[in-house]
Each structure stands twice: as C-alpha cells, then as structure tokens.
Number of protein chains: 2
Amino acid sequence: MAIIVDKEQKRTDIACACKEILLEYGIKNLTISHIAKTAGIGKGTVYEYFENKEDIVFEIITVFISEYEQRLLEVLKKDISTKEKIFYFLYIGFEDEESKRQLTLYREFLAITMTSGTEEMVAFNIECRNKFALLITDIFKDGMQRGDICEGLEHLTSALLAFKLGLIVETQTANLDTQREITNFLSLFYTLIEKKDT
Amino acid sequence: MAIIVDKEQKRTDIACACKEILLEYGIKNLTISHIAKTAGIGKGTVYEYFENKEDIVFEIITVFISEYEQRLLEVLKKDISTKEKIFYFLYIGFEDEESKRQLTLYREFLAITMTSGTEEMVAFNIECRNKFALLITDIFKDGMQRGDICEGLEHLTSALLAFKLGLIVETQTANLDTQREITNFLSLFYTLIEKKDT
DNA sequence: CATAATTGACCGATAGTCAGTCAAAAGGAT
DNA sequence: ATCCTTTTGACTGACTATCGGTCAATTATG
C-alpha cells in the first residue's frame, strides 16, 4: 500500500500554516491559491482536506478554542474570589492584542455558521457551549459552597454565555468598549447575586 | 435639467421589491442579475443605489428594524407587569414565523457587519442600540417607580441588549430553543431584581 | 505495480464596470 | 406659445477580471 497520511493531522497542519495570513487578511480577502501557496501545497490538495474555503476557518477555530479553553482553565484553577472568576470568564478573549486578533477570526467563523453553517459546525458550537457552560456552573457551585453567592444560580449559566457572545458580536458591530461593559455589568450583577446575610 | 429621482426613496423601493426573494434565498444565494430582474431594473442601475450586493441587505434591515421598533413600542405601552414587559422585550422577534424569517436576514446583516462592515453600518447599529437601550431603561425606571423592582437596575440595560443579541446568534449557531432560554433566564433573573420588602 | 496523494490547467459563475442610449427638462430664438 | 437644440442624469447590459472548485494526469510510495 502507498503512504497513508493522517488526514486529520494534515488538516490541522495546513490550517496552522495559514494561521498568520488568516489573522491578517481574514478568509474573505484570501484566495485558495494564496492559501495553497502559503501551506506549500497545490490548489487541488486543499480540497482533499477541506470541504470549501470556509472550512479552513472552522479548523483553525477548533485550534483556537482549545487553546482558549486551556487558558481559561488555567486562570480558574487559581485561588481567586468568585467575583474575579466570573470576571475572567467574561473577560478572557478580550484581554490582549493576540486574543483580539483571534476574536476577529472567530467572528468570521460565527458569520459563516450563521449564514451557511454545516451540521458539523453547529455540533461543534453546541459541544463548546456545553463545555463552557460546565465551567461557569462550576464557578457558581463553588461560590455557593463558599457561601459567596445565592443558591440556584446555575440556571443563569446559559444567560452568561449568551451575554458573552453578544459582547463578542457588539464589540465589532457597535464599537462597544468591552472591558467597560463587563465591569459595569459585573459590579451591579454581583451585588444582586451576592449572599446578603452573614 | 433632466429628471431627478429621490435616491433614498428608490433605494428603499428596490430593496422592498426584493424583500421576498431576500427572505427566501438570502443574499448569498442571489445574483445581482436576479435582484435587478426582480426589481425591474438593469443590473447597472443597482449600483447607482447600492455600494455592492451586501448593501441591499442593509437597506431592507433598516426597514425591518423600524417595523420591529413599532411593534415593540405597541406592546410596551400596554398595561402589563414589569416582568411581562421585560419578557416581551426579549421575546419579540422570535414570536412568529414571519419574525423568524426576518431574523435570518438580520443574521446575514450581522455577519456582513462583522466581516466587512462599513462606517454607516456601525453607526446604524449604534443608533439602534441606543434606541432600544432607552426602551429597556424606561421599563426599568417604570418598574422601580411602581416599586416592583430594585433601584439601580438601569445599569443592566446594556447587558440585556447583549444577552438578546447573543440569543439571536446562538439560536442559529447552536440550535438554541429561544423561548425556553428566555423564560428560564427571566424566572431566575426576576427573583433577583424583584423588590423583596413589602 | 497498485494505490494513495498531489497537482495546476481549466471551467463556470458572477460581481462589478463602463461606454453608450434615452428621455426629460432648460434655454433660446422666433 | 411653439419649436428646436442642448444639457444632464438615469439607466442599461455586454463585457471583463476574478476566483472557487474540479478532474485528468502525474508523481510518490511501499
């Protein structure tokens, strides 16, 4: 038998090879030829590993999200207050320039999923959502155990996720000052959920 | 001098003439030729009134948002509870099939703004955001005056807007059950903001 | 030599352009 | 007022450049 390449691995490799130009130009301003040349492969080969041009964004976002999750886990396992945990949960992804560049590509991915999303993309989004929902639920549960916040807040998990996604979108579409929005929100929100008795 | 047409009006007219096919196919699956034919004008004429293909979506969304605002105002001036007002604020836009169709096109508009938004689009989004922020602030203020809810909630306005936007996106990208999310959220959220003493 | 992998010339679709047409209005001469 | 000329802006669709995606041919591998 001839050589068998690890399709999944090569898919990732190609996407990663194009990471820089993807971040710089975005998928809309890139041609398949440019992508192929950057990855050092022929144009036709691209289609061995990707369904179409947009699919490349999907792959690189997969990588980004996984890195993002690691960073988040890293921060959340620190010994910080419940309030700070919620803050970081909301703020990570907006904190430095590199994250902001990645967000731009993530927005392109959202745009693709919204307008021509495949089953796989939706499945991936649901999976991510569940993963991050678990994280925030843990923050809440931990906060309740510590006696920092009220009972029953697990049910706000989903809303916090939607809130963060909304921020990601609005930061771009309506020029929102993200950090300001988050601190504003949190300062009031936390007084609402804080356990009042001593 | 030759005939002078009201450019702004004609822009709206063309977009409205294409309303149905826009809702049915979305801008991605429409060609300029198809659009021009539907509007009963030449292909070149389209570019007299629109910057590019996507600009047509911008125009029709302008119309939709204005209708949406009217509907919302209509509902909010009814004599209903603060909780119901917040519910409708969140829920309108998801309520019937026609609204859902319009939402699909709105998502395309969001996608466009996120990936290749113009100054005008961002300005429009900010303006809309401010308008709707005012509405929700009024709901809160009214609720506070009635003694239904705690003081200081105006500062949550912005967060509610982001939350709703997040829902709009996630409904599509992660197959979310919107109504469920809203009622879930509201049942807990409202107990948090409700005025406790009698 | 069989099979997997790669390739880039090629194709079809289409967004956007532009040189030219047309009709309405303005102006001027009578 | 009427006719004719000129001007102007709206409108048009054939045309072009671009580019995503395909596939027959080629190369590499074991």
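First the proteins, then the strands, lettered A, B, ... as listed; each starts at 1.
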Below 4.0 angstrom from OP1 or OP2 of D:dA10, is there any side-chain N or O of B:K7?
-> yes
Respond yes when some side-chain nitrogen or oxygen of B:K43 is under 4.0 Å from OP1 or OP2 of C:dC18, and no when none is.
-> no
Please assess B:F132 against B:Y68 for the test ring-ring contact (aromatic ring centres under 6.0 Å, His included), listing each intermediate value before the final yes or no.
-> CA-CA 11 Å; B:F132 293 119; B:Y68 171 83; 5.4 Å; yes
May I ask you to decide whether B:D6 forms a salt bridge with B:K10, counting only side-chain N to carboxylate O separations under 4.0 Å?
-> no
How close or far is atom C1' of C:dA5 from atom NZ of A:K10, stated in whole angstroms?
-> 8 Å
Would you mind reading off the distance between B:I4 atom CD1 and D:dT7 atom C1', rounded to a whole angstrom?
-> 12 Å
Within a radius of less than 6.0 Å around [atom1] of [X], do more than 12 heavy atoms belonging to other residues, nucleotides or ligands occur?
X: A:E51; atom1: CD; value: no
X: A:E119; atom1: CD; value: no
X: B:K7; atom1: NZ; value: yes

Who passes side chain to side chain contact (heavy atoms under 4.5 Å, CB included) against B:K100, sequence neighbours left out?
-> B:E97
Whether A:E108 side chain and A:I27 backbone form a donor-acceptor pair below 3.5 Å | yes
Note: contacts of residues 45-59 of chain B with DNA chain C (heavy atom, under 4.0 Å) are B:Y47, B:N52, B:K53
Is A:L160 close to A:F185 at the side-chain level, that is, under 4.5 Å between some pair of heavy atoms?
-> yes
Within residues 14-38 of chain B, the residues having a heavy atom closer than 4.0 Å to DNA chain D are none
